*Asks:* 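First the structure, which I've put down as structure tokens, then a few questions once you've had a look.
From a predicted model like this one, the values you see are computed outputs, not experimental measurements.
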Amino acid sequence: MAEPALLAVAHGTRDPAGPAAVRALLARVRAMRPGLRVAEAYGELAEPSLEDAAAALGGGRVVVVPLLLARGHHALADFPGRAARLLPGAVASRPLGPDPLLAHALADRLTGGRSLDRIPPRPDASEPVPFASM
């Protein structure tokens, strides 16, 4: 039996950096799993749409992977439901997060690579802590 295809579905954005990041991730997946059919798709705001990518797969076994960091509506209902209507028998995986590795990556970003136990206390702990976008 043939290996299932991977339908990777990101939320989508109008910023061209978003699809570029998805394509870089999928290029790594393809390098790690030569021969695996990997399709790029977006729930909204970017192309190819989930529907177009599903049609391009042409059927067969498919695993839908939400490229999302939380277990919200898109990951649990929207993407799997849309894929199931187009690809009977498609199986949806869990989203990429939440995962302890992501928490460690976030902590690393917040501390500039320093261990949390080596961060000196702020002089005025009543001030809010600013968070930078990743």
*Asks:* Would a 4.5 Å heavy-atom cut-off, applied to side chains only, mark Leu50 and Asp78 as touching?
*Replies:*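 They are not in contact (no side-chain heavy atoms under 4.5 Å apart), so the answer is no.
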
*Asks:* Same cluster or not: are Leu57 and Leu6 linked, directly or through other Ile, Leu, Val, Met, Phe, Trp or Tyr residues, by side-chain heavy atoms under 4.5 angstrom apart?
*Replies:*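 Result: no, two separate clusters.
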
*Asks:* Could you check if a side-chain atom of Pro4 sits within less than 4.5 angstrom of a side-chain atom of Val63, using non-hydrogen atoms only?
*Replies:*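 Touching, per the 4.5 Å side-chain cut-off.
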
*Asks:* Please report the closest heavy-atom contact between Pro66 and Ser93, naming both atoms and the distance.
*Replies:*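 Scanning both residues, the minimum pair turns out to be CD-O, 3.5 Å.
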
*Asks:* Test: ring-ring contact (aromatic ring centres under 6.0 Å, His included). Region: residues 12-65. Which pairs qualify, not counting sequence neighbours?
*Replies:* none

*Asks:* Can you sort out the partners of Glu51 under side chain to side chain donor-acceptor pair (under 3.5 Å), two or more places apart, ordered by chain and number?
*Replies:* Arg82

*Asks:* One pair to check against side chain to side chain contact (heavy atoms under 4.5 Å, CB included): Leu7 and Val38. What are the steps and the verdict?
*Replies:* CA-CA 6 Å; Leu7 177 57; Val38 178; over 6 Å; no

*Asks:* Is it true that, when you exclude His73 itself, more than 12 heavy atoms of the residues, nucleotides or ligands shown sit nearer than 6.0 Å to its NE2?
*Replies:* yes

*Asks:* To the closest 0.5 Å, what do you measure between CG (Leu45) and CZ (Arg14)?
*Replies:* 4.5 Å

*Asks:* What distance do Arg28 atom CZ and Leu25 atom CG have between them, rounded to the nearest 0.5 Å?
*Replies:*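 Between Arg28 CZ and Leu25 CG, I get 8.0 Å after rounding to 0.5 Å.
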
*Asks:* Give every residue pair that meets the ring-ring contact (aromatic ring centres under 6.0 Å, His included) criterion with at least one member in residues 74-94, sequence neighbours excluded.
*Replies:* His11-His74, His74-Phe79

*Asks:* Between Thr13 and Ala46, what is the shortest heavy-atom contact and its length?
*Replies:* O-CB, 3.8 Å

*Asks:* For Val9 and Val64, run side chain to side chain contact (heavy atoms under 4.5 Å, CB included): C-alpha distance rounded to whole Å, both residues' side-chain angles, the deciding distance at 0.1 Å, then the answer.
*Replies:* CA-CA 7 Å; Val9 187; Val64 180; 4.0 Å; yes

*Asks:* Count I, L, V, M, F, W, Y as connected when their side-chain heavy atoms are under 4.5 Å apart, and connections chain through other members. Are Val22 and Leu69 then in the same cluster?
*Replies:* yes

*Asks:* Look at the side-chain heavy atoms of Ile, Leu, Val, Met, Phe, Trp and Tyr, link any pair under 4.5 Å apart, and say whether Val62 and Leu68 land in one connected group.
*Replies:* yes

*Asks:* List the residues meeting salt bridge (charged side-chain N to carboxylate O under 4.0 Å, His left out) with Arg23, not counting sequence neighbours, and say none if there are none.
*Replies:* Glu40

*Asks:* Got a sec, which residues hit side chain to side chain donor-acceptor pair (under 3.5 Å) with Arg94, two or more places apart in sequence or on another chain?
*Replies:* none

*Asks:* Show the nearest heavy-atom pair for residues Leu101 and Asp99, with the distance to one decimal.
*Replies:* N-OD1, 2.7 Å

*Asks:* Considering non-hydrogen atoms only, spot the tightest contact between Arg71 and Ala75 and give its length.
*Replies:* CA-CB, 4.4 Å

*Asks:* With ILVMFWY side chains joined below 4.5 Å, transitively, what does Val91's cluster contain besides itself?
*Replies:* none

